[in-house]
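Working notes for the structure below.
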Amino acid sequence: MNKHNRQFTIKEIIAKSEITNQSDLERALKLAGIEVTQATLSRDLREMGVVRANAAGTARYVLRSEKDDSRLKSLLGYEVTSIGANESMIVIKTLPGRAHGVAELIDSLEHPDILATIAGDNTVFIAPHSTRVIPKLTQTLRRFITED
């Protein structure tokens, strides 16, 4: 099966089912006759703009459209309580239980200066590619979260 058909099937599954993790999605794809590796599935989800969103206390995969960006920004503005940095990383504090969703949205930006994010319950650690970009990256994140 080609990439286009596989991604279309992923969209259908996410739209019709409450998929909460990649293992569930991989099983659903297998039932649809599509064998896929975890790496390919992760790449597909990133390319398609699929994010995990909290709905009624459950995180599930949803498709993000470009018009959702303003809603995502306002949601981030509500969930993020502070952004700080030291000489080696950026720390974002969130409302309790919201760090994973915030980290997922930051990851979806695919910003070239972000090496990785790590999320706890109410804290996101952002490791930059270089410590020299921390001030600029902190400002970029602040603007992304607070811009209308």
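Note that this is a predicted model, so its numbers are computed, not measured.
Between E104 atom CD and Y61 atom OH the span is 6.5 Å, to the nearest 0.5 Å. With values rounded to the nearest 0.5 angstrom, T131 atom OG1 is found 12.0 Å from L137 atom CG. We find the CZ-CG distance between R27 and L31 to be 9.5 Å, quoted to the nearest 0.5 Å. L29 contributes atom CG, which lies 7.0 Å from atom OG1 of T9 (distance to the nearest 0.5 angstrom). Taken from CD1 in I106 to NE2 in H111, the straight-line distance is 11.0 Å, to the nearest 0.5 Å. With values rounded to the nearest 0.5 angstrom, R46 atom CZ is found 11.0 Å from L41 atom CG.
Grouping Ile, Leu, Val, Met, Phe, Trp and Tyr residues whose side-chain heavy atoms lie under 4.5 Å apart, directly or via other members, places M89 in a hydrophobic cluster with V91, I118, F125.
With 3.5 Å as the limit, one finds no donor-acceptor pair spanning the side chains of K93 and T81. In this structure, a donor-acceptor pair under 3.5 Å is present between the side chains of Q22 and Q38. A donor and an acceptor atom, one from each side chain of D107 and T117, are located under 3.5 Å apart.
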M48 and I10: side-chain contact (heavy atoms from CB on, under 4.5 Å), yes or no, with the steps?
-> CA-CA 9 Å; M48 296 167 58; I10 290 170; 3.6 Å; yes

Test log, rule side-chain contact (heavy atoms from CB on, under 4.5 Å), inputs T123 and I92 = CA-CA 6 Å; T123 305; I92 298 178; over 6 Å; no

Determine, stepwise, if the pair I126 / L115 fulfils side-chain contact (heavy atoms from CB on, under 4.5 Å).
-> CA-CA 8 Å; I126 300 174; L115 179 63; over 6 Å; no

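Heavy-atom minimum distance, A119 versus A103: CB-CB, 3.8 Å.
Using a 4.5 Å heavy-atom threshold, the side chains of R6 and D44 count as touching. Residues P96 and D121 meet the side-chain proximity criterion, which asks for heavy atoms closer than 4.5 Å. Between D113 and P128, every side-chain heavy-atom pair lies at or beyond the 4.5 Å cut-off.
A donor-acceptor distance shorter than 3.5 angstrom exists from the side chain of R142 to the backbone of I83, with no hydrogens or angles considered. Judged purely by atom type and a 3.5 angstrom limit, T40 has no side-chain atom pairing as donor or acceptor with the backbone of V36.
Linking ILVMFWY side-chain heavy atoms closer than 4.5 Å, directly or via other members, places V80 and I134 in a single hydrophobic cluster.
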For residues 12-20, which side-chain N or O atoms pair as donor and acceptor with protein atoms under 3.5 Å away, sequence neighbours left out?
from, atom 1, to, atom 2, distance (Å)
T20, OG1, D24, OD2, 3.0

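With sequence neighbours excluded, no residue satisfies salt bridge (charged side-chain N to carboxylate O under 4.0 Å, His left out) with E35.
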